[in-house]
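Quick note: numbers below take in every heavy atom, side chains included, and nothing from hydrogens, waters or symmetry partners.
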Amino acid sequence: MMLAYVMLFKWMLASVSCLLAGALVWALLALALRRWPALLPRRALWLAAQAVTAGAALLALVPHSPQHSLAPTVTLSAAESSAIRAGLPALTGAVQDRASAADSTEPDAAGGDLDLPPLTLLLPALWTLAYAAGLAWMLARRLRARRVWRGLLASAQRLSPQDLLAHGAFDGAQLADIARHRLTVMETDAAISPMLVGVRRPVLLLPRHLRGFSAEQQHMVIAHELHHWRARDPLCLGVAALLQTVFWFNPALRWMNAKMEWALELICDQRVLAGRPQQQRKQYAAALLLQWKAQTAAMPTGGVAFGGIDGATAAARIRQMQQAALPVLSSAVAWSVAASMAAVLAGGAMLQPALAFNAAQQHDAAPPVTAPVGHPAETAAASEAAATDAAWRYPLDKMRVTGVFGVRRTVLVTPHKGIDIAAPAGTPVHAVAGGVVVSAGVLTENAGRYGKTVVLQHGAQRSLYAHLTSMNVKAGATVEAGQQIGTVGETGFATGPHLHFEVRQGEEFINPATRLANLDAYTTKRALRLRQQQQGY
């Protein structure tokens, strides 16, 4: 239940990130087009814009380190975490309890400075339901379109090499290109535009009324479609259709895709007309108008077509045909736009909050982990020698304490039994002093919420390192101060990467600040403020 909630919450963050990135890229490109109209017929620009918008959503799904984020960590209290595991009814009660205890505060587990608003507990489930309904609707539309295309292809006639030769729409170079790459050409009685159907292995579908065009017009229309094919435009539109399906809620992607389709048509038009005299340009424009008039049925979505257009689009394309070439775009403008979109991605990454639960620290005073008996005498002597009054070294090379010892959290009366140290996943964790490894693995106490944990014995005291992603030692081994014993992770019920560190003596939990010198200097202001409010120092 907890893991499912985490995934739903991350997907909600991803959706919000996608919307914000899309709106920002939309605004940037709209302004850029006013200043530099030459950006419009650039396929790479619109592909990159859609990739940035989708990439912003993917960034929200990637684990984030609080040390590399400008946004605070989003955290749940232990009570809220328990409510999630118990189900939605208990969750509602937890929200009410949290509202009634609004004057209580709680440190986060993974290095953030923001507690999760109560309403946000319900939003992931609500958004998931809405998203699933929208996704089902989009998939139904795609399936209907697919059935239409399959019906068209089933009723169409495949043209053999002899049929293509006798057709009259293909010149010698086009016939050779089709034969060399084994492009399937079909002809249908439907009043459609010449188009490529399919993504991986497109089929060139021609309307029978194309035979009524002049030979010169037919050659240019076929050249237009073959350029789409050689440029792999169907693949580009297929990727765009996939993104619009997954992120159906983002109108910016639809706008970008429309601009990309326009760019693809302009590029093909200019490639076909390059170097041709004015008379042939007029013939090409006339073919566009003939196709528009002949198209009596609406074209289903999903194809790359020569003339699946309305009157306004046809007029705009004809105006573009009057230009000798596409407008030139300076490299400085191109790099500026690329840098702007890269900044959107980078900003999105920096503003992604980490997500963490405090449930890993929600434990009652459990029986201490006991050291195995039968250690060699020299091992016992070494561990006793390590138990000096000298301050221990820090468990991490870079310390950022976000949860302090003894602070009581929302609803619960159980104080925090250790400290939380924010760090990126994979950060080396070191032994604070020489000693013996009592255990290394997933602790059974507290329902396994510590995750992968190493416990070291230092004379009468023990140090505990929880939520590790990997461990470098085994039970019974002797370690020295500063030796790496594992790496920071988020195992157990801590979804934000951090180290939970405890000091124990017998059944008593010791404040780590008594063994780690000057710990307050590395503690966040929020954590110190919470301690001041609750403990007065």
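You'll find the side chain of Leu499 stays beyond 4.5 Å of the side chain of Asp420, heavy atoms only. Side-chain contact check for Leu468 versus Val454: some heavy-atom pair is nearer than 4.5 Å. Side-chain contact between Asp520 and Arg531 is present, with heavy atoms from C-beta onward closer than 4.5 Å. At least one side-chain heavy atom of Leu45 sits under 4.5 Å from a side-chain heavy atom of Met341. Looking at Leu464 and His500, their side chains come closer than 4.5 Å, going by heavy atoms from C-beta outward. For the pair His467/Lys452, no side-chain contact is recorded, criterion being any heavy-atom separation below 4.5 Å from C-beta on.
Considering only residues two or more places apart in sequence or on other chains, Trp255 meets the ring-ring contact (aromatic ring centres under 6.0 Å, His included) condition with Trp26, Trp46. Checked against ring-ring contact (aromatic ring centres under 6.0 Å, His included), Tyr465 has the following partners two or more places apart in sequence or in another chain: Phe501. Taking the side-chain hydrogen bond (donor to acceptor under 3.5 Å, both in side chains) definition, one finds that Arg529 meets it with nothing, sequence neighbours left out. Not counting sequence neighbours, Arg147 has no partner by the salt bridge (charged side-chain N to carboxylate O under 4.0 Å, His left out) test. The side-chain contact (heavy atoms from CB on, under 4.5 Å) test applied to Asp397 returns Arg393, His430, not counting sequence neighbours.
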Evaluate Leu135 against Leu139 for side chain to side chain contact (heavy atoms under 4.5 Å, CB included), listing each step before the verdict.
CA-CA 6 Å; Leu135 182 61; Leu139 290 175; 4.1 Å; yes
When you look at Met138 and Trp248, which way does the side chain to side chain contact (heavy atoms under 4.5 Å, CB included) test go after all the steps?
CA-CA 7 Å; Met138 286 295 297; Trp248 57 265; 3.4 Å; yes
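In summary, the aromatic rings of Tyr394 and Tyr522 are positioned with their centroids under 6.0 Å apart.
Between the side chains of Ser463 and Trp392, no donor-acceptor pair of N or O atoms lies under 3.5 Å. Neither side chain, Thr524 nor Arg400, offers a donor N or O lying under 3.5 Å from an acceptor on the other.
The only option from Glu261, Arg254, Lys259 that meets the side chain to side chain donor-acceptor pair (under 3.5 Å) definition with Asn257 turns out to be Glu261.
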Got a list of side-chain donor-acceptor pairs under 3.5 Å for residues 481-489, not counting sequence neighbours?
residue	atom	partner	partner atom	Å
Gln483	OE1	Glu480	N	3.2
Gln484	NE2	Gly486	O	3.4
Thr487	OG1	Ser470	N	3.4
Thr487	OG1	Ser470	OG	2.5

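Summarising the geometry of Leu39 relative to Ala32, their closest heavy-atom pair is CD1-CB, 3.5 Å, with the distance given to 0.1 Å.
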